[in-house]
Amino acid sequence: MAKREAPKQINRKNARLISIGMLALALIVAFVCAKGMITPVRYDIKVGEAAPATILATCEAVDEVNTEIMRERARKEAGSVYSIDSARVEEYTKAAESFFSALNKLPEKAQAMLKEDAAAPTAADEWADALDANAKASLCSNTVPIIDEASLLAVLSASKEQLQTLKDVTLSKLATALEAGVSQDGVSGLVSSCTREINAMSAIPAGLKRIAVQVFDAYLKPTLSIDEAATESAHASAIASIDPIVVKKGSVIVEKGNPVTQSQFALLEAMGLVKGEESNARLTIGSLLTLALLFALYAVYMRFYQRELLSNLKRMAILAVLIMLSSALAYLTNKVDYRFTPILIPVMLSALLVGESAAFTLTLLLGTVFGIMAGGSGSGILSAHCSTMIICNIVAGFGAVLAIKQAQSRASIIAAGAVGGGYAALVMIAMQLMLKAGFLEILESLAWILGSAILCALLVTGSLSIWETMFDVATAARLNELSNTNHPLLRQLMTEAPGTYQHSIMVAALAEGAAERIGADPLLARVGAYYHDVGKLRRPLYFKENQKNGENIHDTLPPLESAQSIIAHQRDGVTLLTKYKLPSAVIRICGEHHGNSLMTYFFYKAKQADENVGQKGFRYPGNRPSTKESAIVMMADGCEAAVRSLGDTSSEAVEQMVHKIIWGKLNENENMMSNAPLTIAEISEIEKSFLKTFAGLMHDRIEYPNMEDLKL
């Protein structure tokens, strides 16, 4: 036994090594595509030089230079925020009041300077004659600011009422202006305005008006000061109101031949498009290590959790081809827009052609790889686009795989793609809201995500037949098409061998129920049962179920010839199914449904005539069932034929016959189940399923009376 098992272990080991080699090849292709997407082309360019080519943005970036210019402009336009300095208002007002207090004392002081016998002057010229130069100078210096001689004489010659009017009007206008706030630039205008108002007043003598103007010149000063906190807040608000100038991926940064501006050069530097000391080596090495780690984790996972898949070269070839083709497709779609993702093509095809678990793991692998590619070149691979698309890819893939599990037709595959796209769209909305994207940008993202999902589903549906034929895979959609009674072989079977057709329908009902009960593929079992006896089309009348009027051709033939004609139907069936290009899984069921069993009826008939006859000519040349579905069809075929031959169709008789046929396949001499991956417990469940199906197919019917016996 050990010598026979050794080659199988070596073959399995070699198969895994070949599978790892295919994954390594897929890694190389994925890396080349990713490198081409994330590695920027660098230009030898400087500010002021003409651009050697039209340079496009490799990722979305902020134009920092122009954004800063716009913000500085907004800051300057916001200006400074001023507040009224009440201390200054009070200071200037009190100083003006002190001036008028000193002014009102001048007549009294002047009177004291006159000679004792001198008469009190009343007019200005009288005062001018009465006071000497020193006295006049002394009086003028009594006020702050100092008044001139003409103003002094006007004050001395004015009445108390006139001085009071001058004081009230001047202080009132001064206080009003100061309390309203006087800016540095507005001082001269306010002085001029107040001067015009004073000059227009007839109640004040002309000489005194000069004093009011002098007060305005002296005390009408700026009372507005810059509020540092408020100014800083206003500047911050103005700057915040300017949104960053965002350069979209794919937009033109600089046209060929145009001189490069400072802002354009800054953008090129930010995107890593300027040739300098830094090279792409670090980016290349980093991306290679990242992808190598992802593929290594993928291989390790398969090694421990999907060992059978890793040993299946056909399925691993499908996965490797899907990775390589979809990576190349992702490179092309990302050139259009980072949200145009082809993730559903490899994921849905792997779910249909390989299996659900393989599709889930492939979603994690390619979802991450495609997300990295969506980030763009240079530092863009670490952008929000990258994380957004990784999440969207994974969610879309998982949603599509879960939806496609129920897909039984090619039309339902499109619906599964729409489901995956819908999940991704919801994730995109959430991510865009967190990134504070605008409404139109969100709608645009939804259009890309949903559009790419529907397009992927259409491509999967359209190309599925090519994949099925190329890799000989029996998908649910293909099996459903084969179960259609309009298929040429089934129609021919229905018309030329109706008995065999009815037998196949019964076997299909038995096989489907049993396969579903033990977790095998019920659809494959049903379709395999439909086609397992198509080889009988070559000689339909050689088989009992197609014979009429009790005529049996085998009554006239030697046992060996009869056996050979019956045995040939298994080989003829394989030939017909191969000609019509049915899946190998269905052909295997046809070629194994009798295994290498012995035609006991004709063998014993021949043995009666010749004791020395050998079994060779009376034994089927096929292989014993190697799959659960093939074994189920073998047992269903035997049970249906045996039960149909019973005269007594009571439940006890049926139960005994089914038990005899099923467990007879496990006898020591001819163990037909030796290669089938079935356990004893599963075979017991198959027997129970057969009995349940027979109970439904062979239920009792009401016995209708003979119409001729009725006396109406």
Side-chain angles (χ1 to χ4, degrees), residues 40 42-85 88 180-189 221-278 338 375-386 388 432-442 444:
R42 300 182 187 274
Y43 299 90
D44 188 5
I45 196 170
K46 295 179 181 178
V47 176
E49 292 183 355
T54 297
I55 306 175
L56 304 180
T58 55
C59 61
E60 190 174 283
V62 176
D63 187 344
E64 298 288 355
V65 174
N66 284 322
T67 300
E68 190 58 34
I69 291 173
M70 294 294 294
R71 287 173 175 171
E72 182 62 23
R73 184 181 301 169
R75 189 190 69 79
K76 289 181 178 179
E77 289 176 354
S80 300
V81 177
Y82 292 89
S83 60
I84 297 174
D85 191 338
R88 289 186 183 182
V182 181
S183 65
Q184 184 67 46
D185 297 334
V187 170
S188 59
K221 296 180 179 181
T223 57
L224 292 176
S225 61
I226 296 177
D227 188 331
E228 297 293 343
T231 299
E232 185 176 347
S233 176
H235 288 176
S237 298
I239 290 172
S241 67
I242 304 299
D243 293 327
I245 300 174
V246 178
V247 178
K248 296 290 185 180
K249 180 181 178 181
S251 60
V252 177
I253 298 179
V254 58
E255 295 278 0
K256 180 180 180 180
N258 290 348
V260 178
T261 64
Q262 183 64 46
S263 62
Q264 291 171 338
F265 186 80
L267 273 174
L268 295 175
E269 276 192 318
M271 295 181 184
L273 299 177
V274 178
K275 187 177 293 185
E277 295 181 2
E278 182 184 0
Y338 77 94
S377 65
S379 59
I381 61 173
L382 303 176
S383 66
H385 292 166
C386 175
T388 298
Q432 294 279 35
L433 289 175
M434 287 189 286
L435 294 172
K436 299 180 180 179
F439 179 71
L440 292 179
E441 186 177 354
I442 294 176
E444 184 182 354

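If you're wondering where the values come from, they're calculated on a predicted model, not measured in any experiment.
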Check [X] against [Y] and note the closest heavy-atom contact, atom names and distance.
X: G48; Y: P259; answer: O-CB, 3.7 Å
X: V62; Y: P244; answer: CG1-CB, 3.7 Å
X: A238; Y: A78; answer: CB-CB, 3.9 Å
X: P222; Y: Q184; answer: CG-OE1, 3.3 Å
X: I442; Y: A437; answer: CD1-O, 4.0 Å
X: I226; Y: Y82; answer: CG1-CE2, 3.4 Å

Test item: [X] side-chain N/O and [Y] main-chain N/O as donor-acceptor pair under 3.5 Å:
X: H235; Y: G79; result: yes
X: T231; Y: V81; result: yes
X: S237; Y: S233; result: yes

Validation row: [X], [Y] side chains within 4.5 angstrom (heavy atoms):
X: I84; Y: L224; answer: yes
X: R88; Y: K221; answer: no
X: M70; Y: S241; answer: no

>> Determine whether V254 and T261 satisfy the following criterion, side-chain contact (heavy atoms from CB on, under 4.5 Å), listing intermediate values before the conclusion.
In response: CA-CA 9 Å; V254 58; T261 64; over 6 Å; no
> To the nearest 0.5 Å, how far apart are CD in E68 and CZ in R73?
Replying inline: 12.0 Å
>> If I take atom CD from residue E255 and atom CD from residue Q264, how far apart are they, to the nearest 0.5 angstrom?
In response: 9.5 Å
> In this structure, are over 12 heavy atoms from other groups packed under 6.0 Å from E49 atom CD?
Replying inline: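 Yes.
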